[in-house]
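Notes for the one structure printed next.
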2 protein chains.
Amino acid sequence: MGMFSKTCEYALRAVFLIAHRTADGGRVGIKDIAASIDSPEYFLAKILQDLSKREIVQSVKGPNGGFYMDSKNLSRPLADVVEAVDGNSIFTGCALGMPECSSNKPCPLHNNFMNVRNQLQQMLTSVSIGQFNEELNLGITHLKR
Amino acid sequence: MGMFSKTCEYALRAVFLIAHRTADGGRVGIKDIAASIDSPEYFLAKILQDLSKREIVQSVKGPNGGFYMDSKNLSRPLADVVEAVDGNSIFTGCALGMPECSSNKPCPLHNNFMNVRNQLQQMLTSVSIGQFNEELNLGITHLKR
DNA sequence: ATAAATAAAGATAAAAATATCTTTTATTAT
DNA sequence: ATAATAAAAGATATTTTTATCTTTATTTAT
């Protein structure tokens with residue numbers, strides 16, 4: 001198990017891909033996305049349905065339809081995607097899973113773990129979905145394999 | 001979902017509890033542990049069986065039996081517990097779940113995420129199972145609720 | 001030696017996450 | 001208007017994780 005759920009991993013790769021592929025207009029279809037990020041097509045379809053409802057990506061049906069993102073969505077922090085899919089427990093939850101852990105009634109790891117969580121959150125909020133297009137274009141970074 | 005699996009959360013709470021309760025000799029039984037950390041007894045039993053095989057905790061059967069830890073185990077870094085239960089993918093895996101992600105062929109988040117993972121690993125290796133006994137004694141930190 | 005206590009091991013069950021398939025709805029092009 | 005296309009929605013299946021129950025093996029005390 002990684003830090004995020006598999007659903008979230010696919011979601012992140014997908015938004016990067018959509019951002020990259022539709023930067024200058026146009027749409028990209030689910031089959032194309034799934035192949036480009038090496039994810040199971042039908043499962044990804046469900047994920048994107050959800051991201052679409054939550055207005056993190058946009059879509060149109062029919063011929064030449066597909067998914068895309070407007071500039072507002074491109075500038076969203078990655079944290080929005082993670083939170084939409086996995087919820088915010090990764091940012092706020094107790095490392096030991098204790099429901100009432102807080103600075104008042106902390107678990108042994110409370111303070112140590114807070115630093116880690118904060119750095120993760122800081123990283124994910126300071127980075128936008130669209131900011132990696134350039135290096136994806138240049139083939140410096142990748143979204144499959 | 002938190003950062004660790006539920007199994008790992010219970011495991012961490014359990015080793016803290018065992019360390020705390022058996023610091024000056026003696027053993028603590030599974031029923032007692034489960035009640036003390038608010039975890040499902042039978043499930044925790046399986047987890048401790050595994051930690052026992054991996055020699056992270058020790059156990060003896062029979063009357064007055066139970067779980068305990070020797071001083072070598074008390075000084076183990078928490079990272080050993082996490083790795084025993086969840087594997088090391090949380091320390092080494094790609095944020096986007098890409099199997100071949102590396103500095104040679106990075107995902108977009110590779111470098112940003114490396115910092116977070118490293119801080120997590122650093123934290124978990126710099127902290128030992130036994131080092132929280134004092135504050136558990138004082139009732140400053142807690143292991144249930 | 002025997003009985004009682006306790007963890008280990010094995011088997012089964014329930015819930016959640018992941019994955020797939022089918023039908024419906026919206027859009028576009030003809 | 002009609003047919004083709006593509007996502008949305010609904011239904012089902014599979015796998016993994018989490019949880020429980022039963023039986024066995026080991027240890028201790030009597």
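Proteins get letters first, then strands, A, B, ... in listed order; numbering begins at 1 in each.
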[X] [atom1] to [N] [atom2], straight-line distance once rounded to whole Å:
X       : N      : atom1 : atom2 : result
A/Gln49 : D/dA11 : CD    : P     : 13 Å
B/Arg27 : D/dT27 : CZ    : P     : 11 Å
A/Glu9  : C/dA19 : CD    : P     : 10 Å
B/Leu51 : C/dA7  : CG    : C1'   : 14 Å
A/Leu48 : C/dT18 : CG    : P     : 15 Å
A/Lys53 : D/dA8  : NZ    : C1'   : 8 Å
B/Ile30 : C/dA8  : CD1   : C1'   : 11 Å

Pairwise distance [atom1]([X]) to [atom2]([Y]) - rounded to 0.5 angstrom:
X        : Y        : atom1 : atom2 : result
A/Ile56  : A/Ile129 : CD1   : CD1   : 6.5 Å
A/Leu138 : A/Phe132 : CG    : CZ    : 14.0 Å
B/His142 : B/Ser36  : NE2   : OG    : 13.0 Å
B/Leu12  : A/Met98  : CG    : CE    : 12.0 Å
A/Leu136 : B/Cys107 : CG    : SG    : 10.0 Å

Between [X] (side chain) and [Y] (backbone), is there a donor-acceptor pair under 3.5 Å?
X        : Y       : result
B/Arg117 : B/Gly93 : yes
B/Lys31  : B/Glu41 : no
A/Asp86  : A/Ser5  : yes

Test: salt bridge (Lys or Arg N to Asp or Glu O under 4.0 Å). Region: residues 2-27 of chain B. Which pairs qualify, not counting sequence neighbours?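 As it turns out, the salt bridge (Lys or Arg N to Asp or Glu O under 4.0 Å) pairs with a partner in residues 2-27 of chain B, which skip direct neighbours, are B/Arg21-B/Asp32.
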
Only one of A/Arg54, A/Lys46, A/Lys53 clears salt bridge (charged side-chain N to carboxylate O under 4.0 Å, His left out) with A/Asp50; which? A/Arg54

Who pairs with A/Asn73 by side-chain contact (heavy atoms from CB on, under 4.5 Å), at least two apart in sequence or on another chain?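 Counting only residues at least two positions away or on another chain, A/Asn73 forms a side-chain contact (heavy atoms from CB on, under 4.5 Å) with A/Gln58, A/Met69, A/Asp70, A/Arg76.
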
Show me the protein contacts with nucleotides 16-23 of chain D, counting only N or O atoms at under 3.5 Å.
unit_1: D/dT18; atom_1: OP1; unit_2: B/Lys6; atom_2: N; d: 3.1
unit_1: D/dT18; atom_1: OP2; unit_2: B/Thr7; atom_2: OG1; d: 2.9
unit_1: D/dA19; atom_1: OP2; unit_2: B/Tyr10; atom_2: OH; d: 3.3

Kindly state which residues belonging to residues 57-70 of chain B come within less than 4.0 angstrom of DNA chain D, counting heavy atoms of the residue only, listed by number.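 Those residues whose heavy atoms fall under 4.0 Å from DNA chain D, taken from residues 57-70 of chain B in numerical order, are B/Lys61, B/Gly62, B/Pro63, B/Asn64.
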
Does anything in residues 80-95 of chain B reach DNA chain D, meaning a heavy atom under 4.0 Å, and if so which residues?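 By residue number: none to list.
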
With side chains defined as the heavy atoms from C-beta onward, is the minimum distance between B/Asn112 and A/Leu124 less than 4.5 Å?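 A side-chain contact under 4.5 Å is absent here.
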
Identify which one of A/Asn133, A/Val81, A/Leu78, A/Thr141 satisfies the side chain to side chain contact (heavy atoms under 4.5 Å, CB included) criterion when paired with A/Phe16. A/Leu78

Angle by which the axis turns from one end of the helix from C/dA1-D/dT30 to C/dT30-D/dA1 to the other, five pairs per end, to 10 degrees: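 If I round to tens, the end axes sit 10° apart.
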
